[in-house]
*Asks:* 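Please read through the structure below; I'll follow up with questions.
Order of the sequence lines fixes the chain letters, A, B, ..., with proteins taken first and strands second; residue numbering starts at 1 for each chain.
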Number of protein chains: 2
Amino acid sequence: MTLLAANILIVDDEQTIADLVEVYLENENYNVFKFYNGKDALYCIENERLDLAILDVMLPDVDGFSICQQIREKHNFPVIMLTAKEEEIDKITGLTLGADDYITKPFRPLELIARVKAQLRRFTKYNSSEPKQEDHLIAFSGLVLNMDTHECTLNEKKLPLTPTEFSILWVLCSNSGRVVRSEELFQEVWGDKYFTNSNNTVMVHIRHLREKMGDNAEHPKYIKTVWGVGYKIEK
Amino acid sequence: MTLLAANILIVDDEQTIADLVEVYLENENYNVFKFYNGKDALYCIENERLDLAILDVMLPDVDGFSICQQIREKHNFPVIMLTAKEEEIDKITGLTLGADDYITKPFRPLELIARVKAQLRRFTKYNSSEPKQEDHLIAFSGLVLNMDTHECTLNEKKLPLTPTEFSILWVLCSNSGRVVRSEELFQEVWGDKYFTNSNNTVMVHIRHLREKMGDNAEHPKYIKTVWGVGYKIEK
DNA sequence: TCGCGATATTCAGAAAATCTTAAGATTTTT
DNA sequence: AAAAATCTTAAGATTTTCTGAATATCGCGA
């Protein structure tokens, strides 16, 4: 485990997106280099020691594809492409060809972080002797969450979770032993700092989770309610 | 553990709020820089070594968002935004985007402190080699309060406390050895928003606490009554 | 010791947070 | 385009917590 936080470049002309990504990455303690256009990004690439780049495909000046190519030619770090879901499939296929991974907007924070980590891990593997770090997998007390496959097993029995349910459980588990405030949960799962939807939504999903896990709210074995604060899963 | 108390900036044009926050922070032994407008705050940012900033979003001159941006550009310390709950969701989302955390008014002092500490902890983690400091945990003479899990144990036995009870006990414990005046307790637990409460309310909660702790008012082992002043917990 | 104000106790109604259910909206798959 | 799966919202039920009033008790000073 390196003591230096990874340097990550994010380029997107939609400032909101870029800003959001910045927040998520900084939350994970990465150093973020953020730009709203391709030109500035290119300058940064030449002058900073970067570990990973997240590029929007559609940029007004130099598009993400070109940037990716330049990174491939002169440097050697992973590239993740951001694409709007609406953009034509075949176009995307071409544009993301050189990239190591791609993510379609809108995306969930958790997914972005997971992919970033995956790329950094993959890349680091050959540049250090550190043991492979499985932070895309959570396992304790009969519960196993696999972020790669999005699968969840409870005592060797597979739980069919919906994406939202998986996200919630993931956040709870990665904070196991600690209360996660409803707002915090919201931010981590929906990427929204604010309650654009009623926080009842969280409760309903919690309910479904409990149901699938064979829990009941009275004396839950897994997801515990901490009154006035949020939810908690024991370590 | 650093010997120097953290320097915290608080900016709010509502003087009452700013003053209150100042009191809370000073109680926790932080150095507070307080301003009622954005201009003075900006000057402070340039001339002081700050560790954290608490900014009201809506300020008459330079708004909190701009201040936050400037901090992000030239400096590198956490920012917590204060927002009124009524302010429009989409406006807020944009305005707090660059911040590390946000708190909606009215807020409970304890929550404010908790978040401040969380940010300082997160930030310090990567800027020093000190072992993780558990200041979200109070422990002495058989009593353990854990802010992360919101749990309280007395001689290894778990006490199920309600949110308000937990707050009260937390305040008493973090001022252990010192008498906490009833009004002080009031302010620390409820903030000044709920100034209409009869001070009997505090007594009732104290009663419940004592009950759960196996104390009685006659010869209390834990929460002692100091006549004409308030309550005290021994160190 | 008595009186008075401060603190305790009790309890019931009010308020707040959570749970549950189900229906409609949205998204994804077929 | 229909069907299926998933998500969100709404409303009412339930549970937990908070508060204020009434009454009892205590502690200090006269």
Side-chain angles (χ1 to χ4, degrees), chain A residues 84-86 89 104-108 150 152 159-169 179-183 185-186 189-192 194-213 215-220 222-232, chain B residues 85 89 104 106-108 110-111 150 152 159-169 172 179-183 185-186 189-191 193-213 215-220 222-232:
Chain A
K85 204 147 216 167
E86 296 75 27
I89 299 290
T104 54
K105 296 188 269 193
F107 52 85
R108 302 201 176 204
H150 254 243
C152 168
L159 294 188
L161 300 183
T162 70
T164 306
E165 284 160 13
F166 184 90
S167 286
I168 290 178
L169 194 54
V179 185
V180 182
R181 300 177 167 278
S182 307
E183 329 160 17
L185 204 50
F186 229 87
V189 174
W190 280 266
D192 203 338
Y194 279 85
F195 284 56
T196 53
N197 12 9
S198 76
N199 86 339
N200 180 1
T201 304
V202 174
M203 292 182 192
V204 174
H205 287 294
I206 292 280
R207 160 99 177 83
H208 292 154
L209 268 173
R210 279 177 170 157
E211 198 165 32
K212 288 181 182 176
M213 298 172 83
D215 249 7
N216 59 345
E218 303 297 306
H219 19 72
Y222 300 103
I223 303 176
K224 296 192 171 146
T225 305
V226 180
W227 255 79
V229 189
Y231 296 95
K232 184 175 74 164
Chain B
K85 206 149 213 163
I89 298 290
T104 54
F107 52 86
R108 295 204 174 198
L110 199 59
E111 189 173 341
H150 252 247
C152 168
L159 296 188
L161 300 183
T162 71
T164 304
E165 284 161 15
F166 187 90
S167 286
I168 290 177
L169 194 54
L172 288 179
V179 186
V180 182
R181 284 178 295 110
S182 303
E183 332 157 18
L185 203 50
F186 224 85
V189 174
W190 281 269
K193 285 281 168 183
Y194 314 82
F195 214 56
T196 53
N197 300 22
S198 81
N199 119 330
N200 178 348
T201 301
V202 174
M203 292 182 190
V204 175
H205 287 295
I206 292 282
R207 159 92 179 95
H208 291 153
L209 269 173
R210 280 177 169 156
E211 195 165 34
K212 289 181 181 176
M213 299 173 80
D215 248 8
N216 58 345
E218 304 297 305
H219 20 73
Y222 300 103
I223 303 175
K224 295 188 173 151
T225 306
V226 180
W227 244 75
V229 190
Y231 298 95
K232 185 174 77 162

*Asks:* Quick one: does B:Ile206's side chain get under 4.5 Å of B:Leu172's, heavy atoms only?
*Replies:*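 Result yes, sub-4.5 Å side-chain heavy-atom pair found.
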*Asks:* Within the distance-only criterion (no hydrogens, no angle test), does the side chain of A:Asp215 pair as donor or acceptor with the backbone N or O of A:Ile223 below 3.5 angstrom?
*Replies:*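 Yes.
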*Asks:* I need the CG-C1' distance between B:Asp215 and C:dT7, as an integer number of Å.
*Replies:*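 Distance, rounded to whole Å: 15 Å.
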*Asks:* Could you grab the distance from atom OG of A:Ser182 to atom CG of A:Asn199, nearest 0.5 Å is fine?
*Replies:*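 It comes to 5.5 Å.
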*Asks:* How long is the span from the OH atom in A:Tyr231 to the OG1 atom in A:Thr225, to the nearest 0.5 Å?
*Replies:*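 Interatomic distance, A:Tyr231 OH to A:Thr225 OG1, rounded to 0.5 Å: 5.0 Å.
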*Asks:* Could you run down nucleotides 13-27 of chain C 5' to 3' and tag each one B, S or - for protein heavy-atom contact under 4.0 Å?
*Replies:* ----BBBBB------
*Asks:* Check the angle between the aromatic planes of A:His205 and A:Trp190 and answer parallel, tilted or perpendicular using the 30° and 60° thresholds.
*Replies:*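 The arrangement is tilted - the two ring planes meet at 30° to 60°.
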*Asks:* What is the separation between atom NE2 on B:His150 and atom C1' on D:dT17, rounded to the nearest whole Å?
*Replies:*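 Checked: the NE2 to C1' distance equals 15 Å.
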